Student: 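Following this message is one structure expressed as structure tokens.
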Protein chains: 2
Amino acid sequence: MADTAGASRSNGVYEWLRVAIVTGEMRPNEHLIEADLAQRLAVSRTPIRESLQRLADGGLIVPRKRGWAVREYTSQEFIENSEVRAGLEGYATRLATMRATDEQIAEISAIHEHRLQIKVVDEKSRVDTNRNFHDAIIAAAQNKRLTDAIYRSGQFYFNVPLARLTTEEEMKAGNADHQRIIDAMIRRDGAVAESAMREHIMRTFAIFQRFNR
Amino acid sequence: MADTAGASRSNGVYEWLRVAIVTGEMRPNEHLIEADLAQRLAVSRTPIRESLQRLADGGLIVPRKRGWAVREYTSQEFIENSEVRAGLEGYATRLATMRATDEQIAEISAIHEHRLQIKVVDEKSRVDTNRNFHDAIIAAAQNKRLTDAIYRSGQFYFNVPLARLTTEEEMKAGNADHQRIIDAMIRRDGAVAESAMREHIMRTFAIFQRFNR
DNA sequence: AGTACCCAATTTGCATGCAAATTGAAAGAC
DNA sequence: GTCTTTCAATTTGCATGCAAATTGGGTACT
């Protein structure tokens, strides 16, 4: 997120709205009225307007003839976004395989080994270790713009309970994917690491696609 | 570009400023004063402010303690952005290779053949046919979000005379790259098409990197 | 000459006001 | 009962006003 500036009122409003949308507190298709939001957040319409425009640029809300509405994604758009994510993070994995120090690869491997111990029911650890694994790989690619683009694409998955509904088999399959990725990275095989990551991401999002309502 | 809405005054201002920055009319590091811009464009500060915030989100300008400045890219950022572009457009080429109809591939091939006839000095045709070639491939990937992401990444190359300074050898090398790409697409070899496009893009941007001042 | 300090000018952040666009619903026609 | 038309209420787009933050430069002091 290329955050615009410091802790102005406007930025506070923007962040509040962004979180409200991403967490699903504001439902897709929900209509947004400047004056209502202004009253609710106890500011004037000016910072509200500025925030809404930025949210629209970011694709979180869409213009209506009058006002704005929280964006609703079609399943087609969901798939398209998954492809973007797979393309970006797959490429990041290739770069990471080329550029990571041995220490970084050992660290990623350690995160993976740690995750193998996590039980499905331990939701927090499950989500955290997964995030750590992906974050460590992305960071090892050493490309800030690429990192930004990847995290930005994640914003589009709001209102999808990505983490909640994983079964035992799904977690096993995910860990097997991770194993394939880290194995290729250790062998410094960028092409395999990349395609393994792509497939992992497309598989994972396919699982969650059915919850995109 | 996920354009926010219709032809309001604010959008006009936004577009005017965006073009001014991208074309280099406003130089990197140039300081932007709301009131000055307002007077210059004969509107109040409100639409100016809204536009500046959106430009900042898009990464074209950066905040200063007081006001904004046209962003100046380091050569490191230039390279990083080239990698993002190569990753995205390479992946689009792979998808296009899988998804294009035979007719679409024939069309792309025809564009390429046509370009082979263009002389270096014919700048307009040279730039146009190159764009057509890339656009046709990107469109054939049939992924709107991916298309948006690719064109968005192009915005970061403002103030670089990308088209102007191509030599005879550089154009030949570019055409050879294009040949490799279309050959792989005809063979429906997505992996080769993808890496050929990646290499083409990284090579091309490496040529222009020296003009990034 | 150099340094510290202070004040006026500049510039932003935000609130408010008003005209124009949009809407929904009531009233009227058939 | 249904379709039109009209009009008041709602809502946005933009301009303007004002307080607070920032700055630059002049003056006093060493």
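Chain letters run A, B, ... following the sequence lines, proteins first and then strands; every chain starts at 1. Small disclaimer: the values here were computed from a predicted structure and weren't measured.
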Student: Could you state the CH2-C1' distance from B:Trp68 to C:dT12, rounded to the nearest angstrom?
Tutor: 10 Å
Student: Just to be sure I understand the geometry, which residues of residues 30-46 of chain A put a non-hydrogen atom under 4.0 Å away from DNA chain C?
Tutor: A:Val43, A:Ser44, A:Arg45, A:Thr46
Student: For a quick check under 3.5 Å, do A:Gln104 and A:Arg99 share a side-chain donor-acceptor pair by atom type?
Tutor: no
Student: Restricting to non-hydrogen atoms, name the atom on A:Ile182 and the atom on A:Ile105 that form the minimum distance, rounded to 0.1 Å.
Tutor: CD1-O, 4.0 Å
Student: Just how far, in rounded Å, is C1' of D:dT11 from CD1 of A:Ile48?
Tutor: 14 Å
Student: Taking CD from B:Glu50 and P from D:dT12, how many angstroms apart are they, rounded to a whole number?
Tutor: 13 Å
Student: Determine whether the aromatic ring centres of residues A:Tyr91 and B:Tyr91 are separated by less than 6.0 angstrom.
Tutor: no
Student: Identify each atom pair where a protein N or O and an N or O of nucleotides 7-10 of chain D are less than 3.5 Å apart, giving names and distance.
Tutor:
| from | atom 1 | to | atom 2 | distance (Å) |
| --- | --- | --- | --- | --- |
| D:dT10 | O2 | A:Arg66 | NH2 | 2.1 |

Student: Any salt bridge linking A:Glu80 with B:Lys144? Criterion: basic side-chain nitrogen under 4.0 Å from a carboxylate oxygen.
Tutor: no
Student: Between B:His31 and B:Gly67, which heavy-atom pair has the shortest distance, and what is it?
Tutor: NE2-CA, 4.4 Å
Student: Is the shortest distance from a Lys or Arg side-chain nitrogen in A:Lys124 or A:Asp128 to a carboxylate oxygen in the other one below 4.0 Å?
Tutor: yes
Student: A:Ser51 pairs by side-chain contact (heavy atoms from CB on, under 4.5 Å) with which of A:Leu17, A:Ile61, A:Leu41?
Tutor: A:Leu17
Student: Measure the distance from CZ on A:Arg54 to C1' on C:dG13 and round it to the nearest whole Å.
Tutor: 14 Å
Student: Rounded to whole Å, how long is the line connecting atom CD1 of A:Ile61 with atom P of D:dT12?
Tutor: 11 Å
Student: Which pairs, with at least one residue in residues 193-206 of chain B and sequence neighbours excluded, count as a side-chain hydrogen bond (donor to acceptor under 3.5 Å, both in side chains)?
Tutor: A:Glu194-B:Arg198, A:Arg198-B:Glu194, B:Arg94-B:Glu194, B:His134-B:His200, B:Asp177-B:His200, B:Asp177-B:Arg203, B:His178-B:His200, B:Glu194-B:Arg198
